[in-house]
Amino acid sequence: MKNIYSNIYKANLTNLKKAKKNIENDYIIGMPTETVYGLAGNAYSDKSVKKIFKFKKRPNFNPLIIHYKNLMDLKNDVILNKTFIKLYRAFCPGPITFILNRKIKSNISKIATAGKKTVAVRIPRHKIARNLLKILNVPLAAPSANIASKLSPTSAKDVVKEFGNKIKLILDGGYCQIGLESTIIDLTKKPSILRPGSITAEKIQKILNKTIGTKKSSEIVKAPGQLKLHYSPGIPVKMNRKYPEKNQAFIVFGKKFTKERNQFNLSKGGSLKEAARNLYKTMRKIKNKKFRSIAVTKIPNIGIGRAINDRLKKASKK
Ligand code: AMP
Ligand code: MG
């Protein structure tokens, strides 16, 4: 059955099969994952991958994450190592993306990986994404379903707002459970986090029994500057503010904030997990209410708070 939006589809078997057909014919679709919604296409098809870049207006040097149903499929395309196996056992399927070396015989579109010798791979845990991957014979290239540098979508409706009916089929998975993009870890050399996420450095270090570094993904894709502004609501964002300016939306966190005008609480109970889930949703709400700018209170820089601050920092770049 269709939703009131003609391109949002309930993820039943009939519609999953429809999605499969779309992918097999090099069309791209909207797909929920536990992190954010993805714009998914056949990772082995240049034609399909080109569409993803075009729809997103994504610069062609910025490679895509490739999504797999299982380890067996994944190892056709990348070279595994011991660190990967440990992290795979601990966190997969889940919200974590690994950078690994590409196998020479890999079929992944070179456009998807921006011609690099490495590939970003992930096995998502969202039931709908998994159900779709299970009936497909190919992995899915799936970046976040938003125009490049804008906010990632956390509901099917957000995807429609971003692309109108240009995307013919979006599988509905409700709101995303995590609401922030996956952790990205580079395992091609000494493990290093390129993008913080809900699987935190602390959790990873516990599994690996050693400290790991952090590096900006923009350093890796060799496009410093160009990718600085990201996750942007399209209006200025100011971090670490005690008070908002007049007519500014004020994003707050925790119970010490009593509800005041123009105030949006990410988590009244002070849960960083809840705050992460609400971040993009709240920014979209603020944008829809036509505020001209956003002030954000200080968010604790621990656990997933680091991922929240990373996104806010990038959203606040000019
Ligand atoms: P998104 O498009 O929102 O899913 O984000 C994907 C992120 O993964 C981008 O920041 C890419 O730069 C990064 N990425 C993808 N492939 C690679 C790679 N081979 N090496 C480093 N970063 C990558
Ligand atoms: Mg993105």
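In each ligand, atom 1 is the first atom listed, and ligand 1 is the first ligand listed.
The shortest heavy-atom distance from Thr113 to ligand 1 is not under 4.0 Å. Using a non-hydrogen distance threshold of 4.0 Å, Arg195 registers as a contact of ligand 1. Not a single heavy atom of Glu181 lies less than 4.0 angstrom from ligand 1. At least one heavy atom of Arg58 sits closer than 4.0 Å to an atom of ligand 1.
Distance alone, capped at 3.5 Å, places no donor-acceptor pair between the Ser45 side chain and the Asn42 backbone. Checking side-chain atoms of Ser106 against main-chain N and O of Arg102 turns up no donor-acceptor pair under 3.5 Å. Side chain of Asp172 to main chain of Lys10: no donor-acceptor pair is present (N/O by atom type, distance under 3.5 Å, no hydrogens or angles).
Cation-pi geometry between Lys281 and Tyr175 is satisfied (NZ or CZ under 6.0 Å from the ring centre, within 45° of the ring normal).
Each of the atoms 15 (C), 16 (N), 17 (C) of ligand 1 lies under 4.0 Å from some heavy atom of Ala120. Per-residue contacts place Ile184 under 4.0 angstrom from the following atoms of ligand 1 (heavy atoms of the residue considered): 7 (C), 8 (O), 13 (C). For ligand 1, the atoms closer than 4.0 angstrom to any heavy atom of Lys116 are 18 (C), 19 (N), 20 (N). The Asn62 neighbourhood of ligand 1 comprises atoms 9 (C), 11 (C), 12 (O), with distances under 4.0 Å to a heavy atom of that residue.
Summarising the local packing, CD of Gln205 is surrounded by more than 12 heavy atoms from other residues, nucleotides or ligands at distances under 6.0 Å.
Nearest approach of Leu87 to Phe98, heavy atoms of both residues: CB-CE2, 3.7 Å.
For the Mg ion (ligand 2), the set of nearby N, O or S atoms under 2.8 Å includes none belonging to Asn146.
If you look at Thr118 next to ligand 1, the close heavy atoms, those under 4.0 Å, come from the backbone and the side chain alike. Looking at Asp186 against ligand 1, nothing comes within 4.0 Å, counting heavy atoms.
The line from CZ of Arg284 to CG of Leu279 is 10.5 Å long, rounded to the nearest 0.5 Å.
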Tyr68 vs Asp77, side chain to side chain donor-acceptor pair (under 3.5 Å): CA-CA, chis, key distance, verdict
CA-CA 10 Å; Tyr68 291 84; Asp77 291 325; 2.6 Å; yes
